[in-house]
Amino acid sequence: MKGLAKYITYRALAAVPTILGLIVVTFVLSHVVPGNPALVVIGPEVNPTELKIAEAEMGLNKPLYLQFFIYLFKLLQGNLGYTYIWDQPVSAEIASRFPVSMELALAALVIAVPIALFLGIGTALRVNKPVDHATRVSSLVAISMPVFWVGTLMIILFYFYLRWLPPSGQLNPLLTAPPHITGMMILDSLFTGNLADLLSSVRHILMPAIALSIGLIALLSRILRSGMLDVLGQDYIRTSAAIGLPRRVIVNKYAFRNALLPAITVSALYAAGLMGGVVLTESVFAWPGLGYYAYISIQNTDYPSIMAVVLISGLLFVVINFLADILYAFVDPRVAL
Amino acid sequence: MFDTVFRRVRSSVSSRSETVGLLLRNPAGLAGVVIIAFYCFLAIAGPYIAPYPPNYFPNNIQILPPSAKHLMGTDLYGRDIFSRVLYAARLDMLLSVIGVTLSFSVGEAVGLVAGYFGRGTDQALMRGMDVLLAFPTILLAIAIAIAIGPGFFTIVIAIAIVGIPGFARITRSVVLSTREELFVTGAVSVGASRSRIMRDHIFPNTLSPSLVLYSVSLGAAMLVAAGLSFLGAGIPPPTAEWGAMITEGLPYIQDWWMTVFPGIMITGAVLGFNMFGEALREAMDVTLRR
């Protein structure tokens, strides 16, 4: 256990330079924005004195390294700037939208993981059979489609032609939203026993969650397939087959568990891609999470908000990978030694 | 003299032609080659095949479904979608090829330097790459595009920057393993200079894995370019670009042809690059194992 604690500390310390780097990158990007950020904030039609005051307020007249430390200091206080579009601190906007995105990402995972497990293991046990080839081709096609295009096709088919599912939003606007408990609509309506809200929110989340899960299924099933193939070629699998263990036991007990290991690391690395997918998917379906917030901010050239979402998603990636490393150490204690 | 003795027998002609043979015998590889060739053809000849100019506005603006006159229908300004799709091929191919070539060059250089010099240099460079990898590709590209302002080269630069870490990582890992090989030790022992070892002995070995990544990255770059257009930070209108065309068609879901055809074009191109990359990886795995 001592090794594990040491390992966790080491991993946490290793993340610090990356986090600092993330902050530097967003700082640089937000300070090379063309034009005067003060102009962006207070609007183009101001007199020079007002502009000077605004610049001083924003610290733009100070040297760059000082501006960086001010930026860093504000970040440590949780101050991400102010959004004039929504007229509130960026941090408040992000805090309220975070669970909304989380709900979508979790829903996509709930859809993707069982399907990926089924496909990944199934194809590994039928290597080079027609099923295997068909799955490979379809997953190649799946990762080649722009996610916002898939979303649009789904809207055209399931909303416009079939009228099965609503095209956008999180809840039927005629319904009252459940009280805010977790911030996730489905859970909140479940907790309050509001069936109408529950049904509506499930119907709303289906299309974006499926659109988001497609890439995830393709990726996860491929990792699981190759993981399974690696493990199935190992000596101990042959031994257990030789001593007459049933195939089901070998696959479920010995092969599958070890094939999961690489899936943890690769999924965590894919988290950045998933977040990118979230931005595009939320924008297509007007799903009011962080990605949609980024989308609206881009349309309104609301720089502080865009940069905040960029920074937060970078930080989130670091945190997810930190957690994945620890999870890995739990599953495979050898890495902490 | 000894130097030539120890010089690495670079992937000999036989193994190279073997890789190509394996690639073409693989149905996915062949399909990839054919698709890429088709898109290259479109990029070159597209504007000559197109029946209308990309921004030809007819006098009576009509959104028309696909017909013999307009193979893919017309868009909200009455422009011929087939022609615009053809014109966009050159732009989208150029964006990806220039962008990814830049990522490749910079990433390759970073990986070589980091892997060869090791220690502090390696740490500093690779931590920098980790930082770039931590941002979701599309968001980093957006942030870059917004910081520099809209335009062709902005998108090229955004594509280039988000692709650098991948090339740097893969190159570095090859350098680390190649550095320990006997032919490098040999070259060091006969007194070859560092730059010579890097250039003649290590660099050629990093090219094969990078080539696989290069192909796959071209597809990824197309998706980034389309995503940038969709989010409103891409090539400004009225230039024909596949992602922008999808985006323009979004509000008109009853006129499905506006979004469907440009999307098929993107998917086809990305699929071609992915298939080629995958088949190439498999072919190289086989030849390298021998």
Side-chain angles (χ1 to χ4, degrees), chain A residues 17-22 24-26 28-35 133 136-137 140-141 143-150 152-153 155-156 159-161 167 269 271-280 283-284 291 294-295 298-299 301 303 306-307 309-311 313-318 321, chain B residues 27-28 31-32 123-124 127-149 216 219-220 222-233 242-243 246-247 249-250 253-256 259-260 262-264 266-275 278:
Chain A
T18 315
I19 292 173
L20 265 177
L22 291 172
V24 171
V25 170
T26 43
V28 169
L29 286 174
S30 52
H31 282 73
V32 291
V33 163
H133 290 304
R136 269 182 73 189
V137 172
L140 266 182
V141 175
I143 56 166
S144 302
M145 296 186 291
V147 65
F148 63 93
W149 182 64
V150 175
T152 315
L153 294 187
I155 293 177
I156 292 177
Y159 165 70
F160 186 75
Y161 283 106
L269 281 175
L274 181 66
M275 281 185 271
V278 168
V279 174
L280 294 166
S283 311
V284 176
Y295 175 70
I298 295 163
Q299 312 303 316
T301 55
Y303 296 128
I306 302 167
M307 291 306 163
V309 176
V310 173
L311 179 62
S313 49
L315 291 177
L316 206 57
F317 176 82
V318 174
N321 276 276
Chain B
Q123 281 291 325
R127 286 299 80 76
M129 295 296 110
D130 285 351
V131 170
L132 287 185
L133 272 179
F135 292 110
T137 311
I138 189 75
L139 279 180
L140 181 59
I142 283 278
I144 295 167
I146 285 175
I148 328 179
V216 176
M222 293 221 155
L223 292 179
V224 169
L228 281 176
S229 285
F230 169 69
L231 293 174
W242 293 327
I246 297 180
T247 312
L250 284 185
I253 48 174
Q254 68 280 12
D255 308 319
W256 51 269
T259 42
V260 167
I264 291 177
I266 298 179
T267 307
V270 180
L271 185 63
F273 290 127
N274 281 340
M275 283 179 143
E278 177 129 322

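Residue numbers start from 1 in every chain, and the chains themselves are labelled A, B, ... in the order their sequence lines are given, proteins ahead of strands. Not measured: the values here are computed from a predicted model.
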task = Counting only heavy atoms closer than 4.5 Å, note whether L139(B) contacts chain A via side chain, backbone, both or neither.
result = both

Region of I143(A) that comes under 4.5 Å of a non-hydrogen atom in chain B = both

task = Rounded to the nearest 0.5 Å, what's the gap from CE on M145(A) to CG on L223(B)? Could you check?
result = 10.5 Å

ask   = For L231(B), is it the side chain, the backbone, both, or neither that has a heavy atom closer than 4.5 Å to a heavy atom of chain A?
value = both

query = Say you draw a straight line from CZ of F135(B) to CG of L315(A); how long is it, rounded to the nearest 0.5 Å?
reply = 8.0 Å

remark   = Assert top hit (heavy-atom pairs under 4.5 Å, partner chain A, pool I144(B), T267(B), V270(B), T259(B)) equals T267(B)

note = Looking only at G227(B), G219(B), G243(B), most heavy-atom pairs under 4.5 Å shared with chain A are made by G227(B)

task = Quick one: pull up CD1 in I298(A) and CD1 in I146(B) and give me the separation to the nearest 0.5 Å.
result = 5.0 Å

inquiry  = Could you tell me if the side chain of P146(A) sits less than 4.5 Å from the side chain of F230(B), heavy atoms only?
reply    = no

request  = May I have the step-by-step check of side-chain contact (heavy atoms from CB on, under 4.5 Å) for I155(A) and L250(B), ending in yes or no?
outcome  = CA-CA 10 Å; I155(A) 293 177; L250(B) 284 185; over 6 Å; no

note = From the list T137(B), L133(B), N274(B), the residue making the most non-hydrogen contacts under 4.5 Å with chain A is N274(B)

Segment of V24(A) engaging chain B (4.5 angstrom heavy-atom cut-off) = neither

query = With a 4.5 angstrom heavy-atom cut-off, which part of L271(B) approaches chain A: side chain, backbone, both or neither?
reply = both

key: Side chain, backbone, both or neither of V25(A) within contact of chain B (heavy atoms, under 4.5 Å)   = side chain

inquiry  = Counting C-beta onward and ignoring hydrogens, is there a side-chain heavy-atom pair between F160(A) and W256(B) closer than 4.5 Å?
reply    = no

task = Name the member of I266(B), V260(B), I142(B) that forms the most heavy-atom pairs with chain A at distances under 4.5 Å.
result = V260(B)

key: Part of L153(A) lying under 4.5 Å from any heavy atom of chain B   = side chain

query = Taking only residues two or more places apart in sequence or in another chain, which ones pass salt bridge (Lys or Arg N to Asp or Glu O under 4.0 Å) with D130(B)?
reply = R127(B), R169(B)

message = Need one label for E278(B): side chain, backbone, both or neither, based on atoms under 4.5 Å from any heavy atom in chain A.
response = side chain

request  = List in chain and number order the residues that pass side chain to side chain contact (heavy atoms under 4.5 Å, CB included) with V147(A), two or more places apart in sequence or in another chain; answer none if no residue qualifies.
outcome  = L280(A), T281(A)

